[in-house]
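Below is one structure, written out as structure tokens; comments come after it.
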Number of protein chains: 2
Amino acid sequence: MEHRIDRVKKLLHAQSYKLTPQREATVRVLLEREQDHLSAEEIYLLVKEKAPEIGLATVYRTLELLSELKIVDKINFGDGVSRYDLRKEGAEHFHHHLVCIECGSVEEIVDDLLVDVEKLVESEWGFQVKDHRLTFHGICKQCQQAAVKTPL
Amino acid sequence: MEHRIDRVKKLLHAQSYKLTPQREATVRVLLEREQDHLSAEEIYLLVKEKAPEIGLATVYRTLELLSELKIVDKINFGDGVSRYDLRKEGAEHFHHHLVCIECGSVEEIVDDLLVDVEKLVESEWGFQVKDHRLTFHGICKQCQQAAVKTPL
DNA sequence: GTCGGTGCAAAATTTTTGCACTAGC
DNA sequence: GCTAGTGCAAAAATTTTGCACCGAC
């Protein structure tokens with residue numbers, strides 16, 4: 001855990017930003033709840049438990065900063081709010097999402113499935129790919145099983 | 001053009017909704033500006049030119065309805081607003097987006113690149129894919145050429 | 001007359017901004 | 001002291017909702 005905080009600290013310092021207590025608390029929440037795709041509000045409430053004096057605006061400013069530095073990814077699943085995901089350390093593996101349209105659960109998959117597709121996009125469209133977002137919408141394993149047990 | 005309006009009309013009727021003048025004006029704007037990824041506000045302003053009495057709330061309600069019926073796709077590129085895209089007629093081909101991080105242009109690609117990837121997700125994760133969203137971020141052909149001519 | 005649909009205004013929600021204040025160098 | 005960073009409150013921006021009204025069947 002600590003080495004991951006240190007890594008963020010270094011990335012911030014490299015751009016002359018500081019890892020303030022507020023920023024550290026925010027990063028710690030992101031680390032602790034890495035699988036959770038938290039919204040700014042949710043992050044704010046969790047950070048408040050560690051650092052009660054923090055303001056929502058600071059959380060937004062921190063998340064925006066981390067987002068610019070590509071330390072977190074700002075993602076949007078179509079409900080009104082942005083969600084924030086810590087990037088994995090080895091930046092060559094992106095992670096994608098499986099959003100269940102039944103129960104709303106979000107699963108992550110870490111394989112880089114798009115290597116071939118990216119090559120195709122570069123050669124066919126002349127578009128130099130830097131990053132990508134991929135989200136599948138569908139029905140998760142649990143809901144499929146539930147549907148078998150209790151059909152409509 | 002007209003047959004595409006008719007198609008929407010049928011889809012609405014099939015679910016006991018009407019193609020009111022306001023809804024028709026909205027769909028026409030979407031048809032005319034199909035490549036443009038308009039926001040609700042932009043659509044509202046364009047619809048107002050045809051039907052000045054329309055309210056923004058109606059545009060939102062129409063877009064939400066069309067979205068539920070899968071006639072349009074609600075997409076989000078990370079700026080604060082939702083954008084709306086008419087689905088292509090042959091629903092088995094989704095369309096993906098190439099977002100240029102230099103000039104902000106959005107290109108569409110219509111190939112269904114993900115057939116193999118979807119199969120993998122279904123077999124590996126047991127997730128039944130219904131739809132997907134794929135966006136590439138990178139540098140478009142024009143900006144690459146501009147960069148060669150005028151390096152930093 | 002009923003009911004889906006609409007327009008308007010108000011409300012709710014999410015995010016940003018202005019400004020005075022603080023802490024570290 | 002200067003500067004980056006912060007907290008708070010206000011503002012902005014986007015989207016939703018309540019309600020009275022309208023129009024087609």
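Proteins come first, then strands; the chains are lettered A, B, ... in the order of their sequence lines, and each starts at number 1.
- Atom CG in A/Leu65 sits about 15 Å away from atom C1' in C/dT16, given to the nearest Å.
- In terms of phosphate contacts, B/Tyr60 brings no side-chain nitrogen or oxygen within less than 4.0 Å of OP1 or OP2 of D/dT16.
- Distance CG (A/Leu19) to P (C/dC25): 13 Å, rounded to an integer number of Å.
- Checking C/dG4, C/dT17, C/dA9 against every side-chain atom of A/Ala57, the shortest atom distance belongs to C/dT17.
- Contact detail for B/Asp85 and B/Glu108: the closest heavy-atom pair is OD2-OE2, 3.0 Å.
- We find that CG of A/Leu12 is positioned 15 Å from P of D/dA4, with the value rounded to whole Å.
- One interatomic measurement links the two molecules: OH of A/Tyr17 to C1' of D/dT6, which rounds to 16 Å at whole-angstrom precision.
- Contacts of B/Ser82 with the nucleic acid, taken as non-hydrogen atoms under 4.0 Å apart, involve only primed sugar atoms and P, OP1 or OP2.
- A salt bridge is absent between B/Glu32 and B/Arg28: the closest approach of a Lys/Arg side-chain nitrogen to an acidic carboxylate oxygen does not fall below 4.0 angstrom.
- Remark: P of D/dT15 and OH of B/Tyr44 are 14 Å apart, rounded to the nearest angstrom.
- Between the CD atom of A/Glu42 and the C1' atom of C/dT13 there is a distance of 14 Å, given to the nearest Å.
- In this structure, A/Ile54 reaches the sugar-phosphate backbone alone: every heavy-atom distance under 4.0 Å involves primed, P, OP1 or OP2 atoms, never a base.
- Rounded to whole angstrom, the span from the OH atom of B/Tyr84 across to the P atom of D/dT14 amounts to 12 Å.
- In terms of position along DNA chain D, the nucleotide closest to B/Ala40 lies nearer the 5' end than the nucleotide closest to the other residue of the pair B/Lys18 and B/Ala40.
- The shortest heavy-atom contact between A/Ile43 and A/Leu38 is CG1-CB, 3.5 Å.
- Look at CD on B/Glu41: it is 19 Å from P on C/dT14, rounded to the nearest Å.
- Taking side-chain N and O atoms only, A/Thr20 has no distance below 4.0 Å to OP1 or OP2 of D/dG5.
- At distances below 3.5 Å, not a single donor-acceptor pair connects side-chain atoms of A/Arg83 with backbone N or O atoms of A/Phe77.
- Contact annotation: side chain of B/Arg61 to base of C/dG4, donor-acceptor pair absent below 3.5 Å.
- The cluster map of Ile, Leu, Val, Met, Phe, Trp and Tyr, joined by side-chain heavy atoms under 4.5 Å apart, puts A/Val81 and A/Ile75 in different clusters.
- At the heavy-atom level, B/Glu53 lies under 4.0 Å from the strands shown only through sugar-phosphate atoms.
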